[in-house]
2 protein chains.
Amino acid sequence: MATQSLHLDEIIKNKLNPEQLKEYHRIHYGRIDHCELNLQDSTLEAGKLHDFEVAAYSFDAAKEVRNPRLVKVGLVQHSIVLPTTEPVEQQRNAVFNKVKKIIETAASEGVQILCLQEAWYMPFFLCTREKEEWKEFAESADKGPSFNFLSELAKKYNLVIISPILENDNGVWWNTAVVIDENGIYLGKHRKNHLPSVGSFSETAYYLPGNTGHPVFETKYAKIAINICYGRHHALNWLMFGLNGAEIVFNPAATISEFGESFWGIEARNAAIANSYYTCSLNRVGTEDFTTRNTQKDISRSYYGSSYITAPNGYRTPSLSRDRDGLLIVEMDLNLCRQVKDHWGFNMTARLDMYAKELQEVHPTPNPL
Amino acid sequence: MATQSLHLDEIIKNKLNPEQLKEYHRIHYGRIDHCELNLQDSTLEAGKLHDFEVAAYSFDAAKEVRNPRLVKVGLVQHSIVLPTTEPVEQQRNAVFNKVKKIIETAASEGVQILCLQEAWYMPFFLCTREKEEWKEFAESADKGPSFNFLSELAKKYNLVIISPILENDNGVWWNTAVVIDENGIYLGKHRKNHLPSVGSFSETAYYLPGNTGHPVFETKYAKIAINICYGRHHALNWLMFGLNGAEIVFNPAATISEFGESFWGIEARNAAIANSYYTCSLNRVGTEDFTTRNTQKDISRSYYGSSYITAPNGYRTPSLSRDRDGLLIVEMDLNLCRQVKDHWGFNMTARLDMYAKELQEVHPTPNPL
């Protein structure tokens, strides 16, 4: 088992003097102050009682002709609860019980849009390359157990919830993010566009590359989109969500240290800058142990958490921890998206017509004749 | 005037214990060791005598069926020498004299491909919005003073040199990177694709968006491309150089702290990861003062240097300083490009046909009828 992770920011905070710490924040976080928000006593108590971290920050925009458009976003990172050898329903319910307390805490802090991690209610069993014993985790997008569970909470607390699930659509599986509106109604879904085949991690054995394009969901609070996990490596995936109008793009993931932890702070942050929107990076924590049924092979995977949020001007929050359940809350002013666009002009200077043409030439659609 | 910059890495190196420092390097630089190369005594002496920093690192690749393909790359960051009120020819020659010593040092260390900063032989006068008094800085790509100066050095030392200039092509100006081969012969040029109009910084008043597409130059040592300055904000610009076969993409820039210094470590590094090639980020240093002729307005701009290089696996070197002339040398194994591609499979999972289609739909070529 891994030892307690070093919490780099905590160490550095204690080692540098105030002026040096500002420089560290300026270079690595984009601003000299993290702009922390105060939390209610009840939140701190809930975190202590149920053993999850809570952190809250804000991103302002300049005053302008529009009123501020403040939205409070919450990200939940968590481990599984029961051993992966327990019955599927019990495993799922144990996660439901844990996550419910975190969602209630988020709601009590005024969170309006809440995102859960990739395949949030199950162990990320895809590394086993087995299907049979896990198939009950695959569910309907708008009638399954996780939809029913979250729909009630969404309605009760007026929350928009993004629920990344393993979808079973008439026997075909997909890696899907479901969006539930603040009335608990199914708003739509997006299916993961890019699937990894890295080392033993072959998701193409389970489901197909997404067929939903790049939808942006107009919710009550903001225009949102979801770039699921490995899709963060593809700049064009981020780009299309931006061109379709997203103000916030969520990146729910399940990723381990060996798979590019040093990229984690780079890619979603780059996407926020390049596309003038907010990005929300969300990864699970904890160690998941499997023994494959057919080959009796032991597999152990540890996820490094480190969820964080970036603003369109490149400012970012600190990360949640590498190994604890956590709730990250950010109050953001959506006006910043257009302000940054108008300042940097990346949209004005994009020359998309040139690229549409060049991409077509470099990669023409195959002619079937 | 700015005070001496804080050198963050130096501070942190002195404050953290070895284990903590490894974690700092792992998270922020991708690897726990910088893999520094030894420098010759004569190099250290030259740096001391002519007041420039020299730093050297290496990036390895795994052993494989191909022999290692080692290339040594050098980046030169520097300030102007004379006040911007001096005659153009004298300003240019003063920079030539200074840079010559740095190039000779690079050659003595075995550098094979050397890149100079954007508009390297002149102050970045574009902020004045004036043209008349600066026009002698605009020159022919293959017959101008800087070509003649560098051609000789290239031939003498078997160097491929990338020379970003202000090009005058029959009265039309361009922001152009010229590539000179190891025999001193003009190999070709690339013109800056994306031009900023940020605040007072309107380059469109001087030259046009590039018309050279995304060329990759097959040099003796590597396949290289140049993404000039503001083009680093555009993911598609980076992408096309990769699709056209680049193994190293240089980003010569002239950028100031207020223009997104916290992006500097993000964008080129993200591009290296996304496209499985090396990226070389290069920015000038020093303060440049101007008084505009027509409006008698004083303008002062300070550039923050911080040049660095990223490998396709996301590992990066430390930055050169924020305020001193410097030479950054990296020995890199080009085999790493394909190794990383084969590992991550970003090229296999890119779905370019989907994006060519979506981009065409979102931004169709205007119909002139």
Side-chain angles (χ1 to χ4, degrees), chain A residues 6 8 11-12 15-16 19-20 23-24 26-31 193-199 209 213-214 230 233-236 238-240 243-244 260-263 265-267 269-270 273-274 314-315 343-346 348-360 362-365, chain B residues 6 8 11-12 15-16 19-20 23-24 26-31 193-199 209 213-214 230 233-236 238-240 243-244 260-263 265-267 269-270 273-274 314-315 343-346 348-360 362-365:
Chain A
L6 286 171
L8 188 63
I11 294 164
I12 284 177
K15 298 271 187 174
L16 301 188
E19 193 197 8
Q20 294 165 341
E23 184 66 1
Y24 177 70
R26 187 178 76 86
I27 294 294
H28 291 298
Y29 294 90
R31 58 181 178 180
N193 271 327
H194 301 269
L195 307 186
S197 292
V198 183
H214 296 84
Y230 183 85
H233 303 305
H234 289 284
L236 279 162
W238 292 108
L239 178 75
M240 286 311 306
L243 293 178
N244 290 343
E261 185 174 355
S262 69
F263 304 5
I266 302 295
E267 293 169 315
R269 193 170 173 205
N270 186 75
I273 296 164
Y315 294 0
H343 178 68
W344 286 108
F346 298 155
M348 296 286 288
T349 57
R351 304 187 70 178
L352 293 181
D353 51 347
M354 174 175 75
Y355 290 106
K357 192 162 167 289
E358 286 190 30
L359 272 181
Q360 188 54 46
V362 82
H363 201 94
T365 306
Chain B
L6 286 172
L8 189 62
I11 294 164
I12 284 177
K15 297 272 187 173
L16 301 188
E19 192 197 9
Q20 294 164 341
E23 183 67 359
Y24 176 71
R26 187 179 76 86
I27 294 293
H28 291 298
Y29 294 89
R31 60 181 178 180
N193 271 328
H194 302 269
L195 306 187
S197 292
V198 183
H214 294 84
Y230 182 86
H233 304 305
H234 289 283
L236 280 162
W238 292 108
L239 178 75
M240 286 311 306
L243 294 177
N244 290 343
E261 185 173 355
S262 69
F263 305 3
I266 302 295
E267 293 169 316
R269 192 170 173 205
N270 186 76
I273 296 164
Y315 295 0
H343 178 68
W344 286 109
F346 298 155
M348 297 285 288
T349 57
R351 304 186 71 178
L352 293 181
D353 50 348
M354 174 175 77
Y355 290 106
K357 193 163 166 288
E358 286 190 30
L359 272 182
Q360 187 54 48
V362 82
H363 201 95
T365 307

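A note on names: the letters A, B, ... follow the listed sequences, proteins ahead of strands, and every chain is numbered from 1.
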Check: Are a donor atom and an acceptor atom from the side chains of A/His233 and A/His194 found within less than 3.5 Å of each other?
Finding: no

Check: What part of A/Tyr230 lies closer than 4.5 angstrom to a heavy atom of chain B: side chain, backbone, both or neither?
Finding: side chain

Notebook entry, point to check: Does the side chain of B/Asn270 reach to within under 4.5 Å of the side chain of A/Arg269, using non-hydrogen atoms?
Noted result: no

Next item on the list: Report yes if the side chains of B/Ser197 and A/Met348 come closer than 4.5 Å at any heavy-atom pair, otherwise no.
Entry: no

Item checked: Interchain contact, B/Tyr315 with chain A, by part (heavy-atom threshold 4.5 Å) -> neither

Check: Considering only heavy atoms from C-beta outward, does the side chain of A/Tyr24 approach that of A/Tyr29 to under 4.5 Å?
Finding: yes

Notebook entry, point to check: Relative to chain A, which segment of B/His234 carries a heavy atom at a distance below 4.5 Å: side chain, backbone, both, or neither?
Noted result: side chain

Next item on the list: Pick whichever of B/His343, B/Glu267, B/His214 has the most heavy-atom pairs under 4.5 Å with chain A.
Entry: B/His214

Next item on the list: With a 4.5 angstrom heavy-atom cut-off, could you sort out which part of B/Ile273 is near chain A: side chain, backbone, both or neither?
Entry: side chain

Notebook entry, point to check: Are side-chain heavy atoms of A/Met240 and B/Leu359 found at a separation under 4.5 Å?
Noted result: yes

Next item on the list: Below 4.5 Å from any heavy atom of chain A, which atoms of B/Val362 appear? Answer side chain, backbone, both or neither.
Entry: side chain

Item checked: Heavy-atom pairs under 4.5 Å with chain B, option from A/Val198, A/Leu352, A/Thr349 with the top count -> A/Thr349

Note to self: Is B/Met354 close to chain A through its backbone or its side chain, or both, or neither, when contacts mean heavy atoms under 4.5 Å?
What the structure shows: side chain

Next item on the list: Give, as side chain, backbone, both or neither, the part of B/Ile27 having an atom under 4.5 angstrom from any heavy atom of chain A.
Entry: both

Notebook entry, point to check: Under a 4.5 Å cut-off applied to non-hydrogen side-chain atoms, are B/Lys15 and A/Gln20 in contact?
Noted result: yes

Checklist line | Portion of A/Leu239 that has a non-hydrogen atom of chain B nearer than 4.5 angstrom | finding: side chain

Check: Does a side-chain heavy-atom distance below 4.5 Å link A/Glu261 with B/Arg26?
Finding: yes

